[in-house]
Amino acid sequence: MSVLRNIEHKIEGLFEGVFGRAFRTHVQPVELARKLVKEMEDHRVISVSRVYAPNEYTVYLAPTDREQFANYEDSLRSELQQYLAENARRERYELLSEPVVKFETDDDLEMGEFGIATRMVQGAAPEPDAPPSQPEPAATMVYRKPSVETEAVSAEELGLGREIVSLTFNGTKHELDAGRAVIGRSKECDIQVPDPNVSRRHAEVRQEGAAYWVIDLDSTNGMEVNGRRQKRAKLRQGDRITLGSTDLVFKRETE
């Protein structure tokens with residue numbers, strides 16, 4: 001991540017953390033449609049003679065956002081599936097079946113936030129060069145409302161010091177300066193964990209807006225957050241991430 005991109009990311013997180021809740025509104029269907037198409041574009045696979053795109057999309061919604069769709073969720077699901085099918089035809093993408101959209105409730109999300117996970121699921125008779133089915137959805141992309149326009153301010157002007165985000169294990173503190181860090185046994189990881197029960201690339205901690213999430217990177221032994229086995233989780237102060245037999249403690253502090 002470049003220096004300018006890193007600064008932009010930190011300013012976005014600072015703004016959303018201080019002001020975001022005051023302007024937060026419900027997720028709108030048009031937002032879901034736009035981001036579903038973006039996920040289709042981002043996860044397409046170029047094969048020998050075709051371009052394949054995911055055909056299954058799981059949308060994670062905050063409880064209050066899911067509730068607002070209760071009276072017409074089936075109609076909305078159908079409309080979004082048609083929208084994805086039309087985009088695939090327009091872009092000449094191959095799908096292993098007609099698009100399927102699923103809705104799930106995620107208590108870790110706040111109003112106005114939503115996540116999308118995609119995967120390719122084989123139909124009855126796959127094409128010869130079709131990519132294999134994905135047994136688990138890809139890492140979930142979390143979307144938040146864009147910030148309202150305002151004059152940029154520094155942390156000092158808001159009366160805040162520099163925020164330090166870190167993971168601590170075996171008495172060593174590792175700061176997350178870049179807004180994301182891959183954790184694993186490999187020397188190429190941002191945070192190396194010398195534990196034989198930890199995969200080479202086991203998990204990733206990633207900043208999304210003002211929040212931090214931990215995501216299991218299809219590890220062999222899985223991941224636990226506060227003793228609960230999870231594929232993805234929103235992190236809060238003092239949360240304990242267990243990879244193999246190693247515990248990492250998540251902290252956000254202000255100088």
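Numbers for residues simply follow the sequence, beginning at 1. Quick caveat, the model's predicted, so the values are computed rather than measured.
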For this session: Check for a donor-acceptor pair, side chain of E253 on one end and backbone N or O of I164 on the other, with a separation under 3.5 Å.
Result: no
Exercise. Counting distance only, does the side-chain N/O of D190 pair as donor-acceptor with the main-chain N or O of V182 below 3.5 Å?
Worked result: yes
For this session: Taking the side chain as every heavy atom from C-beta outward, state whether Q230 and D216 have any pair of such atoms under 4.5 Å apart.
Result: no
Exercise. Side chains of L176 and L167: closer than 4.5 Å at any heavy-atom pair?
Worked result: yes
Problem set entry | Other residues, nucleotides, ligands: >12 heavy atoms within 6.0 Å of E41 CD | yes
Seminar exercise, completed: Here the pair of heavy atoms bringing F114 nearest to L109 is CA-CD1, 4.0 Å
For this session: With the side chain counted from C-beta on, respond yes when L76 and F103 share a heavy-atom pair under 4.5 Å apart, and no when they do not.
Result: yes
Exercise. So do the side chains of M120 and P54 get within less than 4.5 Å of each other, counting heavy atoms only?
Worked result: yes
Problem set entry | Identified side-chain contact (heavy atoms from CB on, under 4.5 Å) partner of L248 from the options N170, T168, L243 | L243
Exercise. Which class fits the ring pair F169 and H174: parallel under 30°, tilted 30 to 60°, perpendicular over 60°?
Worked result: parallel
Exercise. Is there a side-chain contact between R236 and D108 (heavy atoms, below 4.5 Å)?
Worked result: yes
Seminar exercise, completed: D239 and K234 have their tightest heavy-atom pair at OD2-O, 3.8 Å
For this session: Give, for atom NZ of K231 and atom CG of D218, the distance between the pair rounded to the nearest 0.5 Å.
Result: 4.5 Å
Problem set entry | Nearest-0.5 Å distance, CD of residue E56 to CG of residue L96 | 11.0 Å
Problem set entry | Check: R77 and V100 side chains under 4.5 Å, non-hydrogen atoms | no
Exercise. Counting N and O atoms only, with roles assigned by atom type, does the side chain of N221 sit under 3.5 Å from a partner on the main chain of G244, one being a donor and the other an acceptor?
Worked result: no
Exercise. Does CD in E188 sit with more than 12 non-hydrogen atoms of other residues, nucleotides or ligands closer than 6.0 Å?
Worked result: no
Problem set entry | Residues that V51 engages under side-chain contact (heavy atoms from CB on, under 4.5 Å), provided they are two or more places apart | R44, I46, Y93
Problem set entry | Euclidean distance, Y83 OH relative to M40 CE, rounded to 0.5 Å | 10.5 Å
Problem set entry | Polar side-chain atom of R185 near backbone of V198 as donor-acceptor pair, under 3.5 Å | yes
For this session: Step through the shown structure and confirm whether more than 12 heavy atoms of other residues, nucleotides or ligands are within 6.0 Å of CD on E79.
Result: no
Seminar exercise, completed: Of all heavy-atom pairs linking E98 and A85, the shortest is OE1-CB, 4.1 Å
For this session: Check for a donor-acceptor pair, side chain of N55 on one end and backbone N or O of P99 on the other, with a separation under 3.5 Å.
Result: no
Exercise. Atom CD of E204 and atom CZ of R232: how far apart are they, to the nearest 0.5 Å?
Worked result: 13.0 Å
Exercise. Taking the side chain as C-beta and beyond, is there a heavy-atom pair between M111 and H26 under 4.5 Å?
Worked result: yes
Exercise. Of all heavy-atom pairs between D65 and F69, which one has the smallest distance, and what is that distance?
Worked result: O-CD1, 3.4 Å
Problem set entry | Considering all heavy atoms, the nearest P63-D107 contact | CG-OD1, 3.3 Å
Exercise. For the side-chain contact (heavy atoms from CB on, under 4.5 Å) test, which of V59, V27, L61 pairs with R66?
Worked result: L61
For this session: Examine distances only and state if a side-chain atom of S199 and a backbone atom of T220 form a donor-acceptor pair shorter than 3.5 Å.
Result: yes
Problem set entry | V101 with Y72, same ILVMFWY side-chain cluster at under 4.5 Å | yes
Exercise. Is the shortest heavy-atom distance from the side chain of V193 to the side chain of H202 under 4.5 Å?
Worked result: no
Problem set entry | For the student: nearest non-hydrogen atoms of S245 and N197, plus distance | OG-ND2, 3.9 Å
Exercise. Looking at CG of L36 and OG1 of T118, how far apart are the two atoms once the value is rounded to the nearest 0.5 Å?
Worked result: 10.0 Å
Exercise. If you round to the nearest 0.5 Å, how far is CD of E73 from CD of Q68?
Worked result: 10.5 Å
